[in-house]
Amino acid sequence: MVSKVSIIIPFYNCEYVDQAINSALGQTHPNIEVIVVDDGSSRYQDRITPFKDRITYLYKQNGGTATAVNWGIDASTGDYFAWLSSDDLLLPDKISLQMEDMLKHGADLSFTDFDVIDENNHIVYESISLKFLNDEDIYEEIFNRNPINGSTVIMKKSLIREVGFFDPKYKFTHDYDMWLRLITRNYRLHYFNKVLTRFRTHPNSGTNNNQRKMKEEIANLRAYYKRFKR
C-alpha cells in the first residue's frame, strides 16, 4: 500500500497561496491530502476558495507559522507530512520521487535541493542547496548552519509523538530547532540530491524582513544544542 503524505500549507496574507495549493494538488503521488491552515489572515482568502472541495481548510487565530504547521500536523491523517510555505511551489513528482528515495534509505526525515524563483516564477538561482555526499556530513554541518529548506522536507508523522511539535517560541527558526532536536536524538536525516521545490524570494517574505531576529535565534539554538553533540 502506498504511504499517505499530508501536505501542510500554513497561510498568512500570502498572495501566492493559490499557486502553492495548485502545486500540491498536482502531485503524481497517488495518496496525498492537502491541508491549508489559515493563521488569522485578513487578505487573499479568496484565492483559496476555488480549492476548498479538494483540500482541508482550517482557520485559527494568528499565532505564527509554528502554530499553523502544528495545527495541520495534528489534523493530518497521513503517515508522513510535507510542509509547504504558501509562497513556494512543489514540482509534480516531488512527493513520489522523494518518498521512493526516503524509503530506500530508511530515513526519518528527507530534504532535497531546490531552485529560487522571483515574484513572477522566474528561476533566479538554480540548484542552490548545500550538497551532501552522506548523512554523516549533515550531522557535522547542521551545528554550524541550517542546511534544510523546510519546504523540501518530508518527515514521518510518528516523530512528532516522540519529540514533540514545532516550538512556537522560536518565531523564525522553529524548523531549525526541530532538525537539531531530531539529529541530536539520533534520528536519520537524509539528503536527496534532486531539485523538487521552488523557493520564492520576494520583498514581503519573512526571510527577507527578519534577518536580525533570525540570527539571534540561530545563535541561541546552536549554543543550546552543541552540548548534545557527540
Side-chain angles (χ1 to χ4, degrees), residues 2-8 27-29 31-32 66 69-70 73 76 78-85 88 90-91 93-116 125-167 170 172-199 207 214 217-230:
V2 178
S3 297
K4 186 174 186 178
V5 180
S6 305
I7 303 173
I8 297 163
Q27 291 301 298
T28 59
H29 188 75
N31 196 5
I32 65 164
V69 175
N70 290 342
I73 294 169
S76 67
D79 300 309
Y80 297 80
F81 70 87
W83 163 12
L84 174 62
S85 294
D88 296 342
L90 304 180
L91 298 185
D93 290 335
K94 196 268 188 190
I95 301 297
S96 60
L97 293 178
Q98 191 171 352
M99 280 297 300
E100 180 182 352
D101 183 76
M102 187 175 183
L103 294 171
K104 175 182 174 182
H105 289 91
D108 297 304
L109 178 149
S110 167
F111 64 104
T112 76
D113 198 357
F114 61 97
D115 292 334
V116 176
Y125 300 107
E126 294 184 339
S127 183
I128 200 169
S129 75
L130 290 175
K131 309 300 188 287
F132 296 97
L133 297 178
N134 56 65
D135 295 344
E136 185 61 29
D137 288 346
I138 301 170
Y139 187 94
E140 293 303 320
E141 185 61 39
I142 204 166
F143 291 94
N144 298 316
R145 70 177 92 181
N146 181 4
I148 302 174
N149 182 313
S151 285
T152 75
V153 164
I154 295 179
M155 180 172 160
K156 290 180 178 177
K157 184 180 176 180
S158 61
L159 300 188
I160 297 297
R161 293 193 295 270
E162 295 165 15
V163 304
F165 285 93
F166 289 89
D167 192 338
Y170 297 111
F172 306 105
T173 58
H174 41 271
D175 56 342
Y176 190 32
D177 171 63
M178 177 63 79
W179 319 148
L180 286 165
R181 205 185 314 166
L182 292 171
I183 209 161
T184 54
R185 297 188 189 190
N186 297 316
Y187 291 100
R188 185 170 185 184
L189 278 59
H190 175 70
Y191 173 69
F192 183 26
N193 187 18
K194 190 171 183 65
V195 172
L196 295 173
T197 301
R198 289 185 172 155
F199 170 80
T207 302
M214 287 177 64
E217 288 188 4
I218 288 169
N220 291 335
L221 286 168
R222 283 182 190 151
Y224 176 76
Y225 282 103
K226 277 190 175 179
R227 72 182 75 178
F228 302 110
K229 187 177 180 182
R230 63 174 182 260

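For reference, positions follow the sequence shown, starting with 1. For clarity, every value in this text was computed on a predicted model and none was experimentally measured.
Residues Tyr139 and Asn134 form no side-chain contact, since every pair of their non-hydrogen atoms from C-beta on lies 4.5 Å or further apart. A heavy-atom distance below 4.5 Å is found between the side chains of Asp101 and His190. In this structure the side chain of Ile142 reaches within 4.5 angstrom of the side chain of Tyr176, judged on heavy atoms. Side-chain contact between Leu182 and Asp108: absent, with no pair of heavy atoms (C-beta onward) separated by less than 4.5 Å. Between Phe132 and Asn193 the shortest side-chain heavy-atom distance does not fall below 4.5 Å. Between Thr152 and Gln98 the shortest side-chain heavy-atom distance does not fall below 4.5 Å. Put simply, the side chain of Ile73 reaches to within 4.5 Å of the side chain of Val69, judged on heavy atoms. A 4.5 Å side-chain heavy-atom check between Phe192 and Phe111 finds every atom pair outside the cut-off.
No more than 12 heavy atoms of other residues, nucleotides or ligands lie within 6.0 Å of OH in Tyr125, so this atom counts as exposed by the packing criterion. Remark: Lys131 NZ is packed, more than 12 non-hydrogen atoms of other residues, nucleotides or ligands lying under 6.0 Å away. Counting heavy-atom neighbours within 6.0 Å of Lys4 NZ, excluding the residue itself, gives a total above 12.
With no hydrogens or angles considered, no side-chain donor-acceptor pair links Lys157 and Ser6 at under 3.5 Å. No hydrogens or angles considered: a donor-acceptor pair under 3.5 Å links the side chains of Ser96 and Thr28. With hydrogens and angles left out, the side-chain atoms of Tyr187 and Glu162 include a donor and acceptor closer than 3.5 Å.
Residues Ile95 and Ala82 come closest through the heavy atom pair CD1-CB, 4.0 Å. Taking each heavy atom of Pro147 and Leu130 in turn, the nearest pair found is CB-CD1, 3.8 Å. Nearest heavy atom pair, residue Met155 against residue Met178, reads CE-SD, 3.9 Å. Smallest separation of non-hydrogen atoms from Leu91 and Gln27: O-NE2, 3.0 Å. Closest approach of Asn144 and Lys226 over heavy atoms only: OD1-NZ, 4.4 Å. Val116 and Phe114 get closest at one heavy-atom pair: CG2-CE1, 4.1 Å.
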Can you check side chain to side chain contact (heavy atoms under 4.5 Å, CB included) on Arg230 and Asn186, steps first, answer last?
CA-CA 10 Å; Arg230 63 174 182 260; Asn186 297 316; 3.8 Å; yes

Side chain to side chain contact (heavy atoms under 4.5 Å, CB included) between Trp179 and Val153, intermediate numbers included
CA-CA 10 Å; Trp179 319 148; Val153 164; 3.9 Å; yes

Val2/Met99 under side chain to side chain contact (heavy atoms under 4.5 Å, CB included): CA gap, chis, key distance, verdict
CA-CA 10 Å; Val2 178; Met99 280 297 300; over 6 Å; no

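Within the model, atoms OH of Tyr80 and OG of Ser3 stand 5.0 Å from one another, a figure rounded to the nearest 0.5 Å. Expressed to the nearest 0.5 Å, how far CD1 of Ile7 lies from CD1 of Ile32 amounts to 4.0 Å. Between atom CD1 of residue Ile148 and atom CG of residue Leu189 there is a gap of 5.0 Å, rounded to the nearest 0.5 Å. Atom CG in Leu109 sits 6.0 Å away from atom CE in Met102 (nearest 0.5 Å). Atoms CG and NZ, on Asp79 and Lys156 in that order, are 10.5 Å from each other to the nearest 0.5 Å. The CH2 atom of Trp83 lies 10.0 Å from the CD1 atom of Ile8; values are rounded to the nearest 0.5 Å.
Checking side-chain atoms of Ser151 against main-chain N and O of Ser85 turns up a donor-acceptor pair under 3.5 Å. Side-chain atoms of Arg188 come within 3.5 Å of backbone atoms of His105 as a donor-acceptor pair (strictly under, hydrogens ignored). Remark: the backbone N or O of Ala219 is not paired with any side-chain donor or acceptor of Arg222 at under 3.5 angstrom.
The aromatic rings of Phe166 and His174 sit perpendicular, their planes meeting at an angle over 60°, well past the 30° parallel limit.
Here the rule is side chain to side chain contact (heavy atoms under 4.5 Å, CB included) with Asn146, and of Ile218, Thr173, Asp175 only Asp175 fits it.
Under 4.0 Å is where a charged nitrogen must lie from a carboxylate oxygen, and between Glu141 and Arg145 at least one such pair does. A salt bridge links Asp115 to Arg198: at least one charged side-chain nitrogen sits closer than 4.0 Å to a carboxylate oxygen.
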